[in-house]
Amino acid sequence: MILELDCGNSFIKWRVLHADATHLVAEGVVDSDLALLDGLRGCAGLDLKHCRLVSVRTNDETAALVKALADAFGVVALCAAPSRAMSGVENGYEDFQRLGLDRWLAMLGAYHLAAGACLVLDFGTALTADFIAADGKHLGGFICPGMPLMRHQLRTHTRRIRYDDVAATRALESFAPGRNTVEAVERGCSLMLRGFVLTQLELAREYWGEGFTVFLTGGDADLVSGVVPQARVVPDLVFVGLAMACPLS
Ligand SMILES: Nc1ncnc2c1ncn2[C@@H]1O[C@H](COP(=O)(O)OP(=O)(O)O)[C@@H](O)[C@H]1O
Ligand SMILES: CC(C)(COP(=O)(O)O)[C@@H](O)C(=O)NCCC(=O)O
Ligand SMILES: [K+]
């Protein structure tokens with residue numbers, strides 16, 4: 001079996017695939033290394049032979065996770081590394097090593113699936129946009145705070161914005177002007193995400209007319225899918241790129 005990990009700033013997304021790399025055995029989202037190990041130990045019949053991961057965490061944090069996996073399951077994790085060019089995609093950063101690896105893998109996956117120009121939007125802790133032209137050249141992208149960060153800033157830098165997660169989820173059932181704090185904040189931040197998305201779409205149209213594919217990924221992609229009905233929502237886009245960047249044989 002193959003263990004795949006996408007270690008973001010807030011959550012580790014994990015999944016276990018059958019040795020054939022297509023059949024899903026188990027998957028999960030956890031907020032710590034310990035929770036990951038617990039989750040994996042809870043998988044009946046787990047038999048890990050390979051592991052590949054991408055991390056945007058510090059090298060020390062990533063190394064600690066790799067060691068914990070080796071100790072617990074005897075697997076050596078293959079870590080995605082930065083690259084100037086791969087699978088027809090050319091990294092557009094001045095210093096290619098500075099581009100977030102989750103962004104890079106999502107781009108590889110998107111270009112592979114679209115076989116043409118694409119706009120990749122990833123809604124995690126941060127919200128990122130990346131533009132890849134039809135010839136595979138990455139034009140660059142944008143980074144802004146995602147939903148968790150916007151929410152957190154408001155909660156920690158104001159005295160009277162306080163609410164719980166259940167109320168937050170309920171508030172997002174509509175986008176009418178909020179009539180209490182939780183609705184006002186949750187809907188306001190969601191509209192910021194939507195506004196960002198619409199601006200990215202305009203820019204993509206300036207570059208490519210209607211000839212491009214939009215990909216939505218990351219934990220909060222569903223918050224905006226309504227404003228881009230033509231988009232492909234691909235929750236495992238980073239994993240698609242991970243398999244390309246870290247082949248197992
Ligand atoms: N099962 C889940 N567990 C945790 N967060 C989730 C889950 N599904 C969706 N989310 C949303 O995903 C967001 C985090 O997105 P994610 O792509 O995991 O971020 P990152 O890669 O930065 O860790 C959270 O704001 C949360 O609202
Ligand atoms: C932009 C990011 C913080 C996004 O991380 P995430 O929200 O997925 O946890 C990450 O891709 C990163 O640390 N990038 C390095 C900086 C850059 O891409 O320019
Ligand atoms: K992200």
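Whatever order the structure lists them in is the order used to number ligands and atoms, beginning at 1.
- Shortest contact from atom 7 (O) of ligand 2 to any protein heavy atom: A126 N, 2.8 Å.
- Checking T125, D102, V56, L149 against atom 11 (O) of ligand 2, the nearest heavy atom belongs to D102.
- Closest protein heavy atom to atom 12 (C) of ligand 2: G100 CA, 4.0 Å.
- There is no protein heavy atom closer than 4.0 angstrom to atom 6 (C) of ligand 1.
- Near N9, with a cut-off below 4.0 Å to any heavy atom, the atoms of ligand 2 are 3 (C), 5 (O), 6 (P), 9 (O).
- A salt bridge links R205 and E210; the closest N-O separation between the charged side-chain nitrogens and carboxylate oxygens is under 4.0 Å.
- Of all the heavy atoms of T125, the ones lying under 4.0 Å from any atom of ligand 1 are found in both the backbone and the side chain.
- Considering backbone and side-chain atoms together, D122 places no N or O closer than 3.5 Å to any N or O of ligand 1.
- Of the polar atoms of R151, none of the N or O atoms is found under 3.5 Å from an N or O of ligand 1, judged by distance alone.
- Closest to atom 19 (O) of ligand 2 among all protein heavy atoms lies Y93 OH, 2.6 Å.
- The protein non-hydrogen atom at the shortest distance from atom 1 (C) of ligand 2 is T128 CG2, 3.7 Å.
- Short contacts between ligand 2 and R103, defined as distances under 4.0 Å to a heavy atom of the residue, involve ligand atoms 11 (O), 17 (C), 18 (O), 19 (O).
- Not a single N/O/S atom of D102, whether from backbone or side chain, sits less than 3.4 Å from the K ion (ligand 3).
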